[in-house]
Amino acid sequence: MIELKLRSILKQVKSENPQKRFEALDQLFQYKLEEGLEIQIDVLKDMIKTAASTFPEPVDKWDNPSFYLIDFVCDFPMPEVVEGLLKHFDGLDLQAKERAIEMLLSTEDEDIFYVLEEKIVELIQTEDFHIPVKELDPYPMLVKGILDKTLDKFNTQHYKLLLYSLVLSLNDSGLEKGYKKEVILPSLFKDYQAVKQEYLKFDADFSSKYVYTAWKDSYFAVRTKMKLFISLMEYYYSSEIGAELEQAMTFRDPLIKTQALLVCVAKNLPYQQNTLIEAAEHIESAEMVYWELKERNLEHLYPIAEGKQPHLAKTRLFSTIINLPEEDEGVIRFPEDIQIIDKVETENTYHQPIRYYLLSFLHIGTRYAGWAGGYALEDGDDTAELWDGSYTDFVEWDSASIEEHKAAFFIKRAEEREEHETSVYFESSPRLSRGAWFFLSLAVVHWIKEALTGFSKEGIPFLLALTVIGGAMCLYELTKNKKRKIEIVGLQLMMEDGSKQHTIGLHEIKKVEHNKKHVLIYDKKNEVAFSFPLRWVRYEQFYVHILEHTDHLKDRPYIQS
């Protein structure tokens, strides 16, 4: 049983021997990678308690059992886990607290948010805490509560950018535009002036190739700060800020220039049409301009009226390649001379028409093939909407003809579809009923009692009968449960009950609800497609998996939490 192995890990992570701790954490990580894992709640609660206890002095960065234990239990968002995290929160390591906060935010519980606000504020005041800006973004009231109590940290090196990011999140939400303008505006102007001087050291020699092949992290940090501060200028404006925006639109970095341009567009400030055209044509900023204008309902300002889809396909492939993980030290990803060669039209997994573009590009002197798409043709022949599946396998262009490249594309898609459609992403079978556990536990208790008091001739037949009944019930249920299960396989939710099988496409689900006894799956006609006993799944886990596998759909189902 995995529970016994996990309890062994709980002992090993407290060992004075670093090698044993390493082996235990490595084994825990392997379990974390397993799909559909089910763990008894008592073990998860013990893992939280252990994570909040003391450990031997760490010998390296990996040596943080508190974090890895909490990271593991956070994959099981059950009420008991939430309760345990709140109860033992103060005893956790800082990294473990950060992970716990991310999970607790996902509960969207107002009472828990009240506690979280208090804990986050306390951490900001006492630790170098990493504020989870992205996770806090959907909850502007919580963001405001945190900011109200931590503005004094704006002048600290660790928190400056994190708090500015929270301020931007609050303004973008519309809850309070221009929040604390009397405090933020002078601070923003001063900090922007400082980072602008850092940027100007790069501007004269700027090229996108330098950014990704030579400057890299040293420049990315400056670019990120410039974009953040310029974004805030939309909400914190003055005549001095106006002059800074005007200057920023002359900078050579296309992303910084575009950010300033978009602020001017949003505030109806003057800008040069040539600046907008340059931003829309540049390989780094083309998609950014289009999507930002579309989000502001200003798509009509986008200067490329026709052929924007193949144009944006180049940017999509460029972004895909520069964001590939660096598997080999020193390998520089920077595609050049990206060209549209051909296109293919096919269907996505929901049988909707989509288009992919076949492109070629130069990389370190060699020309390769790449694909960008798939563009959703239901939204128009020149739409920018896409189900992103852009990629390159760095197949040399001259190694095959155009038709052979296209044939390889369809073979790859077929293989990936087959693998996806047969992959089991969630599986759960019913646990033993309370009746079976009752007879089994009753037999165990009576055997222990008889052993302590001395076996009697009268008690043995009763014990044997009790054991046979309990064992028979368990064996019967275990045998039946082997043919009872709930699965998410590829794009399908499946229920198997003996010889009966019910299946529904994830995109065909309108809603998922549950009561004290059953989970009910409704189709698009709002009729119950099928239902199954609640005890067949740990609903908290089922909820997370069904949410993950339907979140990308345009018409997402309602899923009761």
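Note: hydrogens, waters and symmetry copies are ignored here, and every other heavy atom, side chains too, is used. Positions are given from 1, in the same order as the sequence printed here.
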Q) So, for P132 and L105, which heavy atoms are closest and what is the spacing to 0.1 Å? A) CG-CD1, 4.3 Å
Q.
For E287, is there an ion pair with K314 - N to carboxylate O distance below 4.0 angstrom?
A. no
Q | Lys/Arg N to Asp/Glu carboxylate O, K225 vs E198, below 4.0 Å | A | yes
(Q) E246: which residues meet the side chain to side chain donor-acceptor pair (under 3.5 Å) condition with it, sequence neighbours left out? (A) none
Q: Start with the C-alpha gap between E487 and Y425, add the side-chain angles, then the distance that decides, and say whether side-chain hydrogen bond (donor to acceptor under 3.5 Å, both in side chains) holds.
A: CA-CA 7 Å; E487 292 181 311; Y425 297 104; over 6 Å; no
Q) Which residue pairs satisfy the salt bridge (charged side-chain N to carboxylate O under 4.0 Å, His left out) criterion with at least one member in residues 178-197, sequence neighbours excluded? A) K160-D191, K196-E244
Q. Just wondering, are more than 12 heavy atoms of other shown residues or ligands nearer than 6.0 Å to NZ in K511?
A. yes
Q) Going through the distances and angles, do S15 and N17 end up as a side-chain hydrogen bond (donor to acceptor under 3.5 Å, both in side chains)? A) CA-CA 5 Å; S15 170; N17 185 336; 5.5 Å; no
**Q.** Y164 ring center near F154 ring center (under 6.0 Å)
**A.** yes
Q: Please report the closest heavy-atom contact between L170 and P140, naming both atoms and the distance.
A: CD1-O, 3.7 Å
Q: Count the heavy atoms of every other residue, nucleotide or ligand shown that sit under 6.0 Å from CD of E34, and state whether that count exceeds 12.
A: yes
Q.
side chain to side chain contact (heavy atoms under 4.5 Å, CB included) for L6 and L10? Distances and angles first, verdict last.
A. CA-CA 6 Å; L6 289 174; L10 292 183; 5.7 Å; no
Q.
Could you report the tightest heavy-atom contact between L94 and D128, atom names first, then the distance?
A. CD2-O, 3.7 Å
Q) Please walk me through it: do E23 and Q19 pass side-chain hydrogen bond (donor to acceptor under 3.5 Å, both in side chains)? A) CA-CA 6 Å; E23 290 171 359; Q19 181 61 29; 3.2 Å; yes
Q.
For K32, is the NZ atom crowded, meaning more than 12 foreign heavy atoms sit under 6.0 Å from it?
A. yes
**Q.** Distance (rounded to the nearest 0.5 Å) between S66 OG and I48 CD1
**A.** 11.0 Å
Q. With a 4.0 Å cut-off, would you call K153 and E127 a salt bridge?
A. no
Without placing hydrogens or testing angles, list every side-chain donor-acceptor pair under 3.5 Å for residues 49-60, not counting sequence neighbours.
{"from": "T50", "atom 1": "OG1", "to": "D46", "atom 2": "O", "distance (Å)": "2.8"}
{"from": "S53", "atom 1": "OG", "to": "K14", "atom 2": "NZ", "distance (Å)": "2.8"}
{"from": "S53", "atom 1": "OG", "to": "T50", "atom 2": "O", "distance (Å)": "2.5"}

Q: Give a yes or no on whether the backbone of E135 and the side-chain of E102 come within a donor-acceptor separation of less than 3.5 Å.
A: no
**Q.** F220-Y212 aromatic ring centre distance below 6.0 Å
**A.** yes
**Q.** Distance, nearest 0.5 Å, that separates OG of S285 from CG of L262
**A.** 9.5 Å
(Q) Just checking F29 against Y68, ring centres under 6.0 Å apart? (A) no
Q: Using side chain to side chain donor-acceptor pair (under 3.5 Å) as the criterion, list what pairs up with Y271, not counting sequence neighbours.
A: none
Q. Do the ring centers of F318 and H282 come within less than 6.0 Å of each other?
A. no
Q. Quick one: CG on L25 to CG on D63, what's the gap to the nearest 0.5 Å?
A. 7.0 Å
Q | Near-ring test Y210/Y219, centroid separation under 6.0 angstrom | A | no
Q.
When you measure from the side chain of D551 to the backbone of L553, do you find a donor-acceptor pair of N or O atoms at a distance under 3.5 Å?
A. no
Q.
A quick test of your reading: do over 12 heavy atoms of other residues, nucleotides or ligands sit less than 6.0 Å from OH of Y302?
A. yes
**Q.** Spatial distance of atom CD (Q560) from atom CD1 (I546) [nearest 0.5 Å]
**A.** 13.5 Å
Q: Can you establish whether the number of heavy atoms outside Q30 located under 6.0 Å from its atom CD is more than 12?
A: yes
(Q) Using the rule given for side chain to side chain contact (heavy atoms under 4.5 Å, CB included), can you reason through E548 versus V544, listing the C-alpha separation, both sets of side-chain angles and the distance that settles it, and then say yes or no? (A) CA-CA 6 Å; E548 285 178 353; V544 169; 3.7 Å; yes
Q: Would you mind listing every salt bridge (charged side-chain N to carboxylate O under 4.0 Å, His left out) that reaches into residues 140-149, with sequence neighbours excluded?
A: E117-K149, K144-D148, K144-E176
Return all side-chain donor-acceptor pairs below 3.5 angstrom for residues 199-206, not counting sequence neighbours, or 'none' if the list is empty.
{"from": "Y199", "atom 1": "OH", "to": "D203", "atom 2": "OD1", "distance (Å)": "2.4"}
{"from": "Y199", "atom 1": "OH", "to": "R252", "atom 2": "N", "distance (Å)": "3.4"}
{"from": "Y199", "atom 1": "OH", "to": "D253", "atom 2": "N", "distance (Å)": "3.2"}
{"from": "D203", "atom 1": "OD1", "to": "R252", "atom 2": "N", "distance (Å)": "2.9"}

Q | S238 versus L185, closest heavy-atom pair with distance | A | CB-CD2, 4.2 Å
Q) What heavy-atom pair brings S428 and R538 nearest, and what distance separates the two atoms? A) OG-N, 4.3 Å
Q | Backbone of Y235 reached by a side-chain donor or acceptor of N171 within 3.5 Å | A | no
(Q) Please evaluate residues L493 and I486 with respect to the criterion side chain to side chain contact (heavy atoms under 4.5 Å, CB included), reporting the C-alpha separation (whole Å), side-chain torsions for both, the decisive distance (0.1 Å), and the verdict. (A) CA-CA 7 Å; L493 175 64; I486 301 298; 4.0 Å; yes
Q.
Tell me whether K267 at atom NZ has more than 12 heavy atoms from other residues, nucleotides or ligands lying less than 6.0 Å away.
A. yes
(Q) Using the rule given for side chain to side chain contact (heavy atoms under 4.5 Å, CB included), can you reason through V512 versus Y558, listing the C-alpha separation, both sets of side-chain angles and the distance that settles it, and then say yes or no? (A) CA-CA 6 Å; V512 177; Y558 164 77; over 6 Å; no
Q. What do you reckon, is CD of E110 surrounded by more than 12 foreign heavy atoms closer than 6.0 Å?
A. no
Q. What is the minimum heavy-atom distance between E278 and K257, and which atoms define it?
A. OE1-NZ, 2.8 Å
Q: Kindly say whether the aromatic ring centers of F334 and H363 come within a distance under 6.0 Å.
A: no
Q: Taking the side chain as every heavy atom from C-beta outward, state whether L123 and I101 have any atom pair closer than 4.5 Å.
A: yes
